[in-house]
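In what follows, every chain begins at residue 1, and chains take the letters A, B, ... in the order their sequences are listed.
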There are 2 protein chains.
Amino acid sequence: MLNFTRKSDYALVALAKLAEGAKAGQPSLSAREIAEAYNLPLPLMMNVLKRLHRAGLIGSTRGVHGGYFLNEEPEHLRLAAVIEAIEGPLQVAVCCQSSSGAEAEQRTCRVTPVCPITGSIRRLNLQIRDLVNRYTLADLLAGLPDGAGFVAETDLVVSQSRTRATP
Amino acid sequence: MLNFTRKSDYALVALAKLAEGAKAGQPSLSAREIAEAYNLPLPLMMNVLKRLHRAGLIGSTRGVHGGYFLNEEPEHLRLAAVIEAIEGPLQVAVCCQSSSGAEAEQRTCRVTPVCPITGSIRRLNLQIRDLVNRYTLADLLAGLPDGAGFVAETDLVVSQSRTRATP
DNA sequence: TAAAATAGTACCTATATCGAACTATTTCAA
DNA sequence: TTGAAATAGTTCGATATAGGTACTATTTTA
């Protein structure tokens, strides 16, 4: 129902912790330290960090004093990259497959062949992804704007005021 | 993973069918007619329509020639209303509860008490909801714009071109 | 009175998520 | 050289959610 998984949430707070640590001069943080900071189970946090590492978003050092660290500046780490590292491609419906969906869709959705709204759903998907991709880890830490900056000023007014006479 | 449920998808195509039917002069369409039009199982479509009806988005007439019809013009039926009629409130994370979340969150999320990004996540949630709420059934049928109008032109370029020397 | 439709709800199954665990490898220090 | 602490990769089980069905009641028309 249009929500991120817990693992994505945990990934975001873990990255937040790494960003704070880096600013405080800590070269790396272990999975244990991060898990304890947020009261999360260690094995789960380990799995999350492993996925972020495999996606190239964080680096790691092994061994006794090992741990994880950001590979990029928080200003360059986009939220969509984090989410997709954990969950795979962002798509609001099965008909939004990015990779050559034709035959895959036939298998997964019964209505696609006669669907009147597939095109629009795909565009909505792109817009949602662009929105998530718009922000970085740094934005997340600094605080996102709460105004829906992207909505044209007229949008709500138009739909409210349109009381066209229907004869 | 940030997707709508199938039931929401089916609700949207059902509403699309009702809008087309209304334009073609049909006062109502039965669950059977809609299910057959899209090759969907009848019991499922019946459930979806019942939920839309209970949410007040469509009206119904019972009996032999009964069926469903739109209660509002397609221009006034917003996508968020449809999704929320089927799935409940749109929220990308458990910490985005609309209704007096304080104690509910404590139960459902372990990190909220010490979370550094809850505020930003809530604002992101509002922005996503605003985006979904921006469009109507009429927009969906006419075709959504595919340009992500709200994304600043520089966003993607920045992340691609950044090849700063890392000494 | 029978048929066709909606209304409400309860139920089952399949899939995905949550979380834990296992084995292997790497690094450091005693 | 040996043990401890950490990451790497993978697999596995439990639980929650979603997808889909079924049952009973009510309404309307022929």
Side-chain angles (χ1 to χ4, degrees), chain A residues 1-11 14 18 26-36 38-69 71 83 85-88 91-94 107-111, chain B residues 1-11 14 18 26-36 38-69 71 83 86-88 91 93-94 107-111:
Chain A
M1 25 115 90
L2 208 65
N3 52 14
F4 300 130
T5 64
R6 292 293 181 92
K7 286 178 182 174
S8 292
D9 301 339
Y10 300 163
L18 290 181
Q26 296 172 292
S28 73
L29 290 171
S30 71
R32 179 181 306 275
E33 289 172 301
I34 299 172
E36 287 176 354
Y38 293 122
N39 194 30
L40 291 174
L42 177 59
L44 182 53
M45 181 53 71
M46 288 172 72
N47 269 346
V48 167
L49 290 166
K50 277 181 265 193
R51 289 205 208 182
L52 292 177
H53 175 259
R54 213 158 23 156
L57 302 186
I58 58 178
S60 69
T61 55
R62 289 179 156 197
V64 172
H65 297 118
Y68 296 95
F69 51 89
N71 267 339
I83 307 299
I86 303 290
E87 311 188 10
Q91 49 182 41
V92 300
V94 285
R107 271 183 277 115
T108 51
C109 180
R110 316 189 205 190
V111 353
Chain B
M1 25 116 93
L2 209 67
N3 53 14
F4 300 129
T5 64
R6 292 292 180 95
K7 287 179 183 173
S8 292
D9 301 339
Y10 300 163
L18 290 180
Q26 295 172 290
S28 73
L29 290 172
S30 70
R32 177 180 309 273
E33 290 172 299
I34 299 172
E36 287 176 354
Y38 293 122
N39 194 31
L40 291 174
L42 178 58
L44 183 54
M45 180 54 71
M46 289 172 72
N47 267 345
V48 167
L49 290 166
K50 278 180 267 193
R51 289 204 209 182
L52 291 177
H53 176 259
R54 215 163 14 160
L57 301 185
I58 58 178
S60 69
T61 56
R62 288 178 156 198
V64 172
H65 295 119
Y68 294 94
F69 51 88
N71 267 340
I83 307 299
I86 303 290
E87 311 188 10
Q91 48 182 43
V94 285
R107 270 183 277 113
T108 51
C109 181
R110 315 190 206 190
V111 352

### Message
Quick one, A:Ile58 with A:Leu18, criterion side-chain contact (heavy atoms from CB on, under 4.5 Å). Give me CA distance, side-chain angles, the key distance, then yes/no.
### Response
CA-CA 9 Å; A:Ile58 58 178; A:Leu18 290 181; 3.9 Å; yes
### Message
On a heavy-atom basis, which atom in A:Arg51 and which in A:Ile86 lie closest, and how many Å separate them?
### Response
NH1-O, 2.8 Å
### Query
Can you tell me if the side-chain N/O atoms of A:Arg110 get under 4.0 Å from OP1 or OP2 in D:dG20?
yes
## Note on the structure
Closest of D:dT21, D:dG9, D:dT26 to the B:Pro43 side chain is D:dT21
### Query
In whole Å, what is the span from the CG atom of B:Asn3 to the P atom of D:dA18?
9 Å
### Message
Nearest whole Å is fine: how far is D:dA22 C1' from B:Asn47 CG?
### Response
10 Å
### Task
Please state how far atom CG in B:Leu2 lies from atom C1' in D:dA18, giving the value in whole angstrom units.
16 Å
### Query
Toward the 5' end of DNA chain D, which comes first, A:Met1 or B:Gly63, by nearest nucleotide?
A:Met1
#### Entry: Spacing between A:His65 atom NE2 and D:dA4 atom C1', to the nearest angstrom
10 Å
### Task
Search all heavy atoms of B:Tyr38 against all heavy atoms of B:Ala14 and return the closest pair with its distance.
CE1-N, 4.4 Å
## Note on the structure
Scanning both residues in full, the closest heavy-atom pair of A:Ala11 with A:Leu52 reads CB-CD1, 3.9 Å
### Query
B:Pro41 and A:Arg110: which non-hydrogen atoms are nearest, and at how many Å?
CD-NH1, 3.3 Å
### Task
Find the distance B:Arg6:CZ to D:dA18:C1' and express it as a whole number of Å.
10 Å
### Task
Determine: side-chain N/O of A:Arg32 to OP1/OP2 of D:dA6, distance under 4.0 Å, yes or no.
yes
### Query
For the pair made of CD1 in A:Ile58 and C1' in D:dA6, what is the distance, rounded to whole Å?
14 Å
### Message
Below the 4.0 Å mark, does D:dA8 have OP1 or OP2 next to a side-chain nitrogen or oxygen of A:His53?
### Response
yes
## Note on the structure
Here the pair of heavy atoms bringing A:Cys109 nearest to A:Val94 is CB-CG2, 3.7 Å
### Message
Between B:Lys50 and B:Thr5, which residue's closest nucleotide on DNA chain D lies nearer the 5′ terminus?
### Response
B:Thr5
### Query
For the side chain of A:Glu87 and the backbone of A:Phe4, is there at least one donor-acceptor N/O pair under 3.5 Å apart?
no
### Task
Check every nucleotide of DNA chain C for an atom under 4.0 Å from a heavy-atom of chain A, then give the first and the last such nucleotide from 5' to 3'.
C:dC18 to C:dA29
### Message
Please report the distance, rounded to the nearest Å, between CD in B:Glu87 and P in D:dA16.
### Response
20 Å
### Message
Classify B:Met46 by what it touches in the nucleic acid, base, sugar-phosphate, or nothing, heavy-atom distance under 4.0 Å.
### Response
base
### Message
Tell me whether the side-chain N/O atoms of B:Tyr10 come closer than 4.0 Å to OP1 or OP2 in D:dG20.
### Response
yes
